[in-house]
Amino acid sequence: MRSRNRQERPDVAVVEAARTGDAQAAEQLIRDCLPLVYNIVGRALDGHSDVDDVVQETMVRVLDGLPGLEHPDRFRSWLVAITVRQIRDRWRRGRTTLAAEPLEENAQEPDPQADFADLAILRLALSGQRREAVEAARWLEDEEREVLALWWMESAGELTRQELSTACDLTPQHAAVRVQRVKERLETARTVVRAVTASPRCPDLAGVLASWDGRPSGLWRKRLARHVRDCPQCLSNSSDLIPAEALLADLALVPVPIGLTGLVLARTLGEGSAGAGASTHTAASGASRAARTLGRLAAKPMAAAAAGAVTLTAAGVAWYAATASQEQSDRPALAAPPAASSVSPPSGPSASPTSTPESTSTPTPASTPTASPAKTTEARISGPHSLRSVDNPGAYLSQSGSLGVLDTVGAGSSASTRQAATYTFVPGLADARCYSLRDATGRYLRHYAFRIRLDSDDRSALFRKDATFCPRSGSTAGSVSLESYNYPGRYLRHRDNLQLWLDPSASTASNRASRSFVLVAPWT
């Protein structure tokens, strides 16, 4: 496999200088290595919230171990081997036990980069089969994702096979066997993703999925793969899959968040690593706080950054405006905040809304070229409502256990049935300009593997994005469609079996009607 970014990798001279305590060389070494480490850890840990902690701990160990590195020309293999060990240590210890410094004044804020698959899809504007490949990785076991992360980097030209085998502590022959096994399981997972997200879905598969909780796993990959292998319809759906190597070739690395770069630099250069003196350690404590503040601000919407760099002189950390601009450009475009007025509910469930909100156009999200132009209502929705289907007038957005369904509700329905079809609109958990829908038990409507379900808020960044929907114009006057916040171009929609899914938009009248609802007075 050719090495696309070999010219960007640290040369032996930089490694030697960092070994002798050159702070500038140490900083350069971190900047050169951080993207690779971040991408390996992110993919291997499936986007768990301690990815940033593992990355920081890895870089600390790298700089601490540099003086003992006997062969600087083998630095790359040594770096990846340390990364893999840190990933395995994390699995053994369990989650969130690493000693990363919290954001003192904002320690309770969820990590905005908690889900690596979503981050890759949004930041790299992935679509089609590349997007499916990223989603398929969620169906692998932990050990399989470790090898997948390394092979992914090899396929993208960031690692050689020798570096991969050294990191796994295997001979090239044994490494090839491990890689081939994971590639086969990834391809199987891709067929499963195709089958699960197909519309219409195979009727026989629906029976297999009856007890599925909507969460991808290795166990369910095996169960569903048995059906896919023996089902002509499901096999036909995946007949056009391109080999994963072709999809990953020349695929860019997911950019490292600007806040994480600052934390790593401040922590590693401020702890005496790579020969830094006590004075550097003292000065970096203040820089660490500044880096965390800048990192937190960089994760929020911000205006285009000025050209040049902002320098944290205490720790020698340069913040390049180009990175901040990339942070902003990777975020999905959203409509301007709607007016503060609320929609008054009508007098009864069968009535139509008392006012028809006007619509204004908003830009298509830059990270999703296939997204259609968005429309958003100007009036602000608040409080409890029921959502009546446009193409099934007697059916309402409801729930069956933890899964979202379309259910028939009428005056003679039981209290529990009416309650299940009532949702309170609150400001979106991920963005207050959109909405989250909460049921009477406090659970939120969210999507998981594109299946609509109801879950309690676990306060993770991923949950908040999954549970946030942005209103768009529906297929009829006064109706509304709910577009996913973190999957622009996908809408909450009912399928023929009345199950609710997050499906891609289509220009057909039936598709638009099946994702359109009329807000009416709550059944409760």
Side-chain angles (χ1 to χ4, degrees), residues 1-19 25-26 28-45 54-55 57-91 133 137 140-187 243-254 256 274:
M1 173 61 63
R2 63 191 178 89
S3 213
R4 175 170 53 88
N5 287 335
R6 175 63 67 181
Q7 72 278 7
E8 299 173 6
R9 302 179 180 194
D11 57 29
V12 175
V14 174
V15 176
E16 287 281 15
R19 289 178 71 236
Q28 184 61 46
L29 197 62
I30 293 171
R31 289 187 179 279
D32 290 341
C33 301
L34 193 55
L36 176 64
V37 172
Y38 176 65
N39 277 261
I40 291 176
V41 174
R43 297 192 190 284
L45 295 188
V54 174
V55 171
E57 195 68 29
T58 298
M59 298 311 299
V60 167
R61 290 182 180 272
V62 166
L63 286 192
D64 284 344
L66 265 181
L69 178 61
E70 297 180 357
H71 302 284
D73 59 324
R74 300 178 187 173
F75 171 80
R76 188 79 165 185
S77 299
W78 178 73
L79 166 74
V80 179
I82 291 176
T83 304
V84 171
R85 284 200 298 271
Q86 290 303 117
I87 292 169
R88 293 173 180 174
D89 285 348
R90 180 264 173 199
W91 286 337
L140 302 184
E141 304 286 0
D142 286 346
E143 294 79 5
E144 295 168 345
R145 281 196 298 270
E146 173 194 304
V147 179
L148 174 67
L150 297 174
W151 173 68
W152 197 300
M153 294 299 98
E154 180 192 16
S155 299
E158 301 293 339
L159 285 181
T160 65
R161 176 53 60 93
Q162 183 60 51
E163 290 167 341
L164 184 154
S165 58
T166 300
C168 295
D169 197 22
L170 297 171
T171 64
Q173 294 77 13
H174 284 112
V177 172
R178 291 278 301 277
V179 166
Q180 183 59 34
R181 187 178 302 140
V182 169
K183 286 167 61 176
E184 292 171 354
R185 290 173 183 172
L186 178 66
E187 295 300 338
E245 295 97 322
L247 298 175
L248 305 182
D250 294 324
L251 187 64
L253 297 184
V254 177
V256 182

**OP:** Heavy atoms only: give me the nearest Leu253-Leu36 pair and the separation to one decimal.
**Re:** CD1-N, 4.2 Å

Subject >> Counterpart residues, side-chain contact (heavy atoms from CB on, under 4.5 Å), relative to Asp73 (two or more places apart) >> reply: Val12, His71

Subject >> Arg161 CZ to Leu150 CG distance, which is reported to the nearest 0.5 Å >> reply: 10.5 Å

Original post:
In Å, rounded to the nearest 0.5 Å, how long is the span from OG1 of Thr83 to CD of Glu146?
Top reply: 10.5 Å

Subject >> For Cys33 against Phe75, the heavy-atom pair lying closest together >> reply: SG-CE2, 3.3 Å

**OP:** Walk me through it: do Arg185 and Glu141 pass the test salt bridge (Lys or Arg N to Asp or Glu O under 4.0 Å)?
**Re:** CA-CA 10 Å; Arg185 290 173 183 172; Glu141 304 286 0; over 6 Å; no

Original post:
CD of Glu158 to CD of Glu163: how many Å apart, nearest 0.5 Å?
Top reply: 10.0 Å

Original post:
Under the 3.5 angstrom rule, does the side chain of Ser165 hit a backbone N or O of Gln162 as a donor-acceptor pair?
Top reply: yes

**OP:** Dump the intermediate steps for side chain to side chain contact (heavy atoms under 4.5 Å, CB included) on Arg181 and Val177, then the final yes or no.
**Re:** CA-CA 6 Å; Arg181 187 178 302 140; Val177 172; 3.6 Å; yes

Subject >> Beyond-backbone contact of Asn39 with Met153, side-chain heavy atoms, under 4.5 angstrom >> reply: yes

**OP:** Provide the closest heavy-atom pair for Ala81 versus Thr166 in the form atom of the first, atom of the second, distance.
**Re:** CB-O, 4.5 Å

**OP:** Could you grab the distance from atom CZ of Arg145 to atom CD1 of Ile87, nearest 0.5 Å is fine?
**Re:** 10.5 Å

Original post:
What are the two closest non-hydrogen atoms of Val15 and Pro72, and how far apart are they?
Top reply: CG1-CB, 3.9 Å

**OP:** Just jot down the salt bridge (Lys or Arg N to Asp or Glu O under 4.0 Å) partners of Glu16, sequence neighbours excluded, or say none.
**Re:** Arg19

Subject >> Distance, nearest 0.5 Å, that separates CG of Leu45 from CD of Gln86 >> reply: 10.5 Å

**OP:** Indicate the atoms forming the closest heavy-atom contact of Val55 with Tyr38, along with that distance.
**Re:** CG2-CA, 3.9 Å

Original post:
Hey, does the side chain of Glu187 reach the backbone of Ala244 with a donor-acceptor pair shorter than 3.5 angstrom?
Top reply: yes

**OP:** Show your reasoning for whether side chain to side chain contact (heavy atoms under 4.5 Å, CB included) applies to Lys183 and Leu186.
**Re:** CA-CA 5 Å; Lys183 286 167 61 176; Leu186 178 66; 5.6 Å; no

**OP:** Mind listing the closest non-hydrogen atom pair of Met59 and Ile30 along with its distance?
**Re:** CE-CA, 4.1 Å

Original post:
Do Asp64 and Arg61 sit within salt-bridge range, that is, some charged N less than 4.0 Å from a carboxylate O?
Top reply: no

Subject >> From CG (Asp142) to CZ (Arg90), nearest 0.5 Å >> reply: 7.0 Å

**OP:** Find out whether Leu66 and Leu29 are in side-chain contact, i.e. whether some heavy atom of one side chain is under 4.5 Å from a heavy atom of the other.
**Re:** yes

**OP:** Evaluate the side-chain proximity of Leu148 to Glu144: yes if any heavy-atom separation is below 4.5 Å, no if none is.
**Re:** no

Subject >> side-chain contact (heavy atoms from CB on, under 4.5 Å) partners for Val147, two or more places apart >> reply: Arg178, Val179, Val182

